[in-house]
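Structure, as structure tokens:
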Amino acid sequence: MADIGVPVAVEVAKCLVAPVGRHCSYVIFCDRYVRQLNVEVKKLDDTKDEVQHSIDEARNNMKPIKGEVERWVNEVGSVPNMVRDVLYYDTEAKKTCFYGWLPNPKARYHLGKKASRTVKDIQALIAGGRFQKVDFENPPPGLVGGASDVNSSAGDGGNTMLKSQASTFQDVMKALYDERHKVIGVYGPGGVGKTFLLERVKEELDKEGKEGRPFHMIVKSKVSQTPDLTNIQYDIAYALDLKDVKAEPSDEGRRDLLFKRLQKDPSKKVLIILDDLWAELDLKAVGIPMGNEKCKLLLTSRDKRVLEQRMHADQTFPLKNLEKEEALELFEKIVGDGLSEDLKEKAAQVVTKLAGLPLLIDSVASTLKSSDVSKWEDMLIKIEHPHEERIVKWSYDHLESEEAKCLFLLCGLIGGTIRVELLLELGMGLGLFRRFDNKMQSSRNRLNTMLNSLRSFCLLQDGGEGKENVTIHDVYSEAIVSDAFSGQNSLMINNNYDSWPKEKLEKCWACLVNAGSDRLVELMLLRFPHVKILMLSEQYDRGDCSRMDFTYMEELRVLYLGSMRITSLPSSMEILRNLQSLSINCHVEDVANLGKLKALRILSFTRSTISRLPKEIGKLTNLRSLNLNHCYRLKIIEPGALKGLINLEELHMKKSLIQWMGKHEIPSESCGAGLVELKSLTKLASLEISISDPMILLKDGDLPFGNLIRFWINIGNAYGRGFRGLRTMKLQLGECDGILSKEWVQKTLQKTQYLYLDGLGEFKENAHELCIQGFTQLKHLDIHNSPSIKHIISSLNDFLTAFTDLESLFLENLINLEKICNGPITPDCFSKLKVVHIKKCHQLKNLQFLSEMQRHVHLKEIEIWECDSLQAIITDDAGKEEVVVDDMVELPNVRRLDLRKLPNMTSFCIRAEGAPIQVSLPCLESLVMVGLLGLEKILYSEPSIKYSGLKSLKIEESKSTLSIPKDWILKLPNLESMEIAGSPSTEIVFNLEELKVTREVEILSQLSTLALSKLPNLGRMSKQVVQLQGISMFRNLKKLSVCETGLSFLFSMSVAKCLREIRDIKVENCPNMKTVIMDEEGTDGIIELPLLKQLSITCCPIEKFFSYPHGKKESVTTTSDSQDAYFDSFFDQKVRFPNIRKLHIEGARCKELWNNQIPYDSFCKLEVLQLEHCDNLLCVAPSHMWKRLQLCLNFLKVRSCRMVKIIYKSDGTDTKSGKMTTLVLQDLENLRHIWQSDGFPNVPFPNLRYVEVVRCSCLEMLFTTFTAKFLGQIEELVVESCEDIKLIAGHEECEEAAGTTITFSKLTILRLFKLPKFRGILAEKYSMEFPSSQVFCIGSCGMAPDQGLDDWERYQNKWFDSMKWCFEV
């Protein structure tokens, strides 16, 4: 037994030693743990700064931040509290015991343990902060102020806002800003300019300053006469960047995704624009939440009744036909000057016939421009009877070619916004370009020429940014299928075929149908023996469309299948021997039988769900274009599928993650084709391809890419920027730099317009050497993380020519970059440069030499971040001829200058000996300076830069005690936005103390936004004499944000009187702030803030909004009680707020919010009121204030105001109907009553929908009186942790209660939790009825049951099986 016991004891001892040792180490090594903690905190600060800079850069470019990054930043934000806890133990550990002889072991133990664990937590955070990218590649297209929406519709009334349209435009803008209106409509006839008006509205909203924008996102969709629910959902998803919607097959699934996304963040409001409604649109089916404070709708229709009766618009505005004078003015403006008297008379006659429609005026005037009299007379005859169709037909007849006419008909057939690529597919299939060169690029060129012709006649407009889309107005689309075009080959559009006779259907040559799968099958039975174009898309049911029959369509040349589900293509497709163009943009599985369509020239699977491209495709030897763009499920291209496409000219595989097989891999089911197959494509002229593994290219040798005309090539999953329509190469080669030496790569680089390089190792020291023949066509160069690069251009003796077309230069983390240019270069180098961004290039000392600056006349934007060695942007050339003293460097077109974290920078431009040289930036609009140690010397010393055109100024992390000196103030007449932040030494922002003026002068008269943050020593916003004689400030200030400053007040009396335009004031975390307006001058009168809409004051110990210095008090000639009320109230008669909508106050020290002398028109429009941590406040609203608040207040939240006993008081008189919909009361420990009155007034909340009462321990009853209507309207009721609550509502006044049944008809959510004294919702004399589709959450409620509770339990038992329960114990 002893032998057995010894090993056991040893093992037990081993298990005990480690824990004991660890705990002892906390005491012994606690100082080491603290030192290590300090080291890790510094490392975390560095990591946080890097991540924050990346976040700032992304947000500057309107890119959304990844959720994991935001979560990491939030976690890092909690570290100071963690460290503070540790330091508490550090203080305790320094105390001794045993009369100072020994350290305190208990305190040292806690300190060591805490520090050790905190170190591990911080190390984990540092490791988690190594993000490759903090943002998503592209921002949501609908983001306000972000990238332009490429799918935006063009205007339908020209590009000029007419006088009659301007008034409607202003009305719509006003309604959009009015939070009372949730649905706004514009109506008018087709062609009057409704769509154009919407575009101008969006443009105007995008122009608003970031803080002033009423919407975070703007979503647009065109509904049309036959709404396509799927397309509307796709439009909304596209704007929201909700990619999952495309993958969701069902309408209901897409609806739910959109619904959740639109309700995701209540603080970010969305404007949804729906254009061209013909009937009621089921918003719920689309996924648009109604009755949501977050979403606002802007609708257009030809019928006012659709907007008001069907869509329930709160306000509608007519857009009427132009009056004769305005129509004639528009017509003559388009036709041009120099009309003879005879033609002027005819112009008046023409305009009269055009019914005042800007669209038709634009079209006809463009057609008649530079025409002779005969053409004018012909036009007058054609439009003798003013039918829109005849006018469109007249413009159509005057098109130059039959091909252009056919193209116009195709656009009318499709309608709306149309992809140019789709028109190419249709035109190629019909042979519209056959009489020209038969190549794809020649066809593209011819198509663009024809589209330009249609644009010149105003029959088409651009469909957004670039030339990727065109738009045709619905007036033209409707005309094309009307009787006016009956002489042409008949067309069939959407679902209008139901009224057509069978013989007419059989003559159709072009057909577009959007219907359900069964209807499509039925339609195919009608036979279309002469149809040339068939465009089919499924609507609603998403059934399998494999049963479609093409047996009688042998003449079909173009087939488009979209938004449908096809498990296998019908075998009858094999009869389509003349099919030239096939587009399958839908859910499809088996496509192997396409190999039998030998005549096929264009095949597109764009955005389809195809997962495998079969080898049978290789039999299509006549194929000219294969499009596999955005096929996200496509992984395998079977061996042989590409090799046989010997005539292929275009291959598009952008953003399709294809698995390419290596040269020596053995083919298998899981392996795709090898890149070697591309060698057979000798005619390839256009290529878009992603190759994730660069190693494959090292093994496969040269590829036939040297002759490409258009290309987008991504090797190694590189990121980079997006430049539309440019020849692009993105390379992240890792250890495969040798790929750059390949012949096809060198040939391609010569033609590249945008080049992105990431991770170059030891390949070249000079960037220009990467392409042996030179980057002759490069417009944008982007190099990241490449330690081998020392120079962008370098030459020893001869003048070198390179980068002559370069417009943008982006350099980041080139740790060995010494110079941009090294050695002599020709004047053409960088001569077209417009944008320069340089980051983390720590060896770089300057951007350019003085002698080189004359070449940079086109430079518009300079951004330099974190370059430790940079001394100046421009330096004098050592050894060059000295410039004269009066010389000045001019950058005539620079508009944006962004300089951050440049610790050694001392001037913009310096001589060889270090003396500054004056710099002129006459067009500079935006200046950002962050972390520049010599800010005062750079900005304020003489000679300084010239900055009179500056509009935006941002200064952060400055060491200066003064932000804007007196001699600088008057030099900023155009400044619109200013931000000063993170500068602990700053004591004053504007110094006006010694400013001398000889006349009246306005300071910062254009400033609209001012933000001050993290300025702990800021004592005053402006330093000035007692009276500012002849000086006014901030006349146009609209937005003010002040955060974490040392200010004791915001404005002096004289400055406050200038704030006639202020709309938004936000003050937070200012521990010294005692008042907002301080009357230092002792002036009389009332200050009015006529446009102020939002006022937020949080975490500031403010006592009064308006105050006097040094305890001075205004005399109050009333009773002593009135005087006390005056001094104890936050707002008084000194300041008027006639338009304030939102008021948020936290931490105020007042006893009352309002005294009884408040101006009669103040707070009469207040809609939102939030009060938090106002510990001295006794009552939210006395009776005199409640009379005005109940008519406007919509939302009331009171939280953690420990002295509040009553929410509002009433004088007993009858109250008018109130507008409040939301009431939230939290942590009010002394609250006794929600309202108190001498008598029993009518219930003051007739519109209340949401009630939340949490942790109000003294409240016994929510509502002391009620009406059945009042309770029936409540939708959500939450009551939690209220120890004294017995009933929700008490006795109803003036009603016989016995037998009375109260129906909670709208209640959807009821949560009752931790209510120990709860007896029931109503007193026992009432019975209750509830709908059967509610969700309840009940727990820890009630004492001994009484009748009320029995009734309640009866309903519990009744609903338990039929309802969704969330039951808490």
Worksheet item: Which atoms form the tightest heavy-atom contact between Glu649 and Met440, and what is the distance?
Response: OE1-N, 2.7 Å
Worksheet entry | Where Ile658 and Met653 come nearest, the two heavy atoms and their spacing | CD1-SD, 3.5 Å
Discussion item. With no hydrogens and no angle check, just 3.5 Å: does a side-chain donor-acceptor pair link Asn627 and His652?
Written reply: no
Fill in: Side-chain donor-acceptor contact under 3.5 Å, Ser794 with Asn822
yes
Check this for me, if you would: do [X] and [Y] make a salt bridge, where the nitrogen-to-carboxylate-oxygen distance has to be below 4.0 angstrom?
X      : Y      : answer
Glu863 : Arg896 : yes
Glu807 : Lys779 : yes
Lys439 : Glu650 : no

Practice prompt. For salt bridge (charged side-chain N to carboxylate O under 4.0 Å, His left out), just list the numbers for Lys840 and Glu812, CA-CA rounded to whole Å, side-chain angles, deciding distance to a tenth of an Å, and then say yes or no.
Written response: CA-CA 6 Å; Lys840 298 183 180 179; Glu812 183 170 347; 5.1 Å; no
Worksheet item: Which residue pairs satisfy the salt bridge (Lys or Arg N to Asp or Glu O under 4.0 Å) criterion with at least one member in residues 688-697, sequence neighbours excluded?
Response: none
Worksheet item: Going through the distances and angles, do Asn766 and His791 end up as a side-chain hydrogen bond (donor to acceptor under 3.5 Å, both in side chains)?
Response: CA-CA 5 Å; Asn766 306 311; His791 314 107; 2.9 Å; yes
Discussion item. For Asn707, I'd like to know if atom CG has over 12 heavy atoms of other residues, nucleotides or ligands within 6.0 Å.
Written reply: no
Practice prompt. Please work out whether the ring planes of His780 and Phe723 are parallel, tilted or perpendicular, with thresholds of 30° and 60°.
Written response: parallel
Discussion item. I'd like to know if the side chain of Asn974 reaches the main chain of Lys951, judged simply by a donor and an acceptor atom lying under 3.5 Å from each other, with no hydrogens or angles considered.
Written reply: no
Worksheet item: Looking only at atom types and distance, does a side-chain atom of Lys730 sit under 3.5 Å from a main-chain N or O of Arg721, one as donor and one as acceptor?
Response: yes
Discussion item. Using the rule side chain to side chain donor-acceptor pair (under 3.5 Å), only one of Glu866, Glu956, Glu957 pairs with Lys901; which is it?
Written reply: Glu957
Discussion item. For Tyr756 and Tyr719, I'd like to know if the aromatic rings sit close, meaning centre-to-centre distance below 6.0 Å.
Written reply: no
